[in-house]
S.K.: 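Structure below; questions to follow.
Heads up: numbering here begins at 1 and tracks the sequence. If you're wondering where the values come from, they're calculated on a predicted model, not measured in any experiment.
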Amino acid sequence: VAAVYRRATLVLLPSEREGFGLPVIEAMASGTPVVSSDLRVLRELGGDGVEYCAVGDVAGWSRTVLDLLRESKNKAAVWDRRRSNGVERASNFSWTECARHMIELYDTVVESAHSVESRQ
């Protein structure tokens, strides 16, 4: 998958709903700029490293994609900075951190369940 991302000029994620948005992180980590739906979870992941468009706004998506394609051809320094910013942003996410957060969540759930049981 990483090889596909590296060969792509852009990654588009026009989701109406998204659970986590792993493709955003994968694309950014590969140095490929992303255009995604303007959903809270995707904004949390992509931050300033992603361009956002409203769900269903075909004209907005088209305009954004065309602007970015022009940037990739005509503004090499800006394009390179965009790609570098995405890689840097993606470096904030790791499987180790994800696992650590999941363990903390499970511990909290187990503690809560024990607390409920002891009160009964």
S.K.: Ignoring hydrogens, what is the shortest heavy-atom contact between S30 and A2? Give both atom names and the distance.
M.R.: OG-O, 3.9 Å

S.K.: Any side-chain heavy-atom pair from K73 and L69 closer than 4.5 angstrom?
M.R.: no

S.K.: Could you tabulate the donor-acceptor pairs under 3.5 Å formed by side-chain atoms of residues 10-28, not counting sequence neighbours?
M.R.:
| from | atom 1 | to | atom 2 | distance (Å) |
| --- | --- | --- | --- | --- |
| S15 | OG | E18 | OE1 | 2.6 |
| E26 | OE1 | Y5 | OH | 3.1 |

S.K.: Would you confirm whether R70, through its side chain, and K75, through its main-chain N or O, come within 3.5 Å as a donor-acceptor pair?
M.R.: no

S.K.: Does some side-chain heavy atom of L42 sit less than 4.5 Å from a side-chain heavy atom of V50?
M.R.: no

S.K.: Any pair with a residue in residues 45-66 that passes side-chain hydrogen bond (donor to acceptor under 3.5 Å, both in side chains), sequence neighbours left out, goes on the list, sorted by first then second residue, please.
M.R.: E51-R82

S.K.: Restricting to side chain to side chain donor-acceptor pair (under 3.5 Å), what partner residues turn up for R100, sequence neighbours left out?
M.R.: E97, E104

S.K.: Following the transitive rule for hydrophobic clusters with a side-chain heavy-atom cut-off under 4.5 Å over Ile, Leu, Val, Met, Phe, Trp and Tyr, establish whether W95 and F93 coincide in one cluster.
M.R.: yes

S.K.: E88: which residues meet the side chain to side chain donor-acceptor pair (under 3.5 Å) condition with it, sequence neighbours left out?
M.R.: none

S.K.: Does any non-hydrogen side-chain atom of L68 lie less than 4.5 Å from one of W79?
M.R.: yes

S.K.: Return the minimal non-hydrogen interatomic distance between A8 and T32, and the atom names on each side.
M.R.: O-CG2, 3.6 Å

S.K.: Let me confirm one number: the OG-CG distance from S112 to D107, rounded to the nearest 0.5 Å.
M.R.: 10.5 Å

S.K.: Got a sec, which pairs hit salt bridge (Lys or Arg N to Asp or Glu O under 4.0 Å) with one end in residues 33-46, sequence neighbours left out?
M.R.: D38-R43, R40-E44

S.K.: If the condition is side chain to side chain donor-acceptor pair (under 3.5 Å), which residues does N92 pass it with, not counting sequence neighbours?
M.R.: none

S.K.: Same cluster or not: V55 versus V34, using hydrophobic residues (I, L, V, M, F, W, Y) connected whenever any side-chain heavy atoms lie under 4.5 Å apart?
M.R.: yes

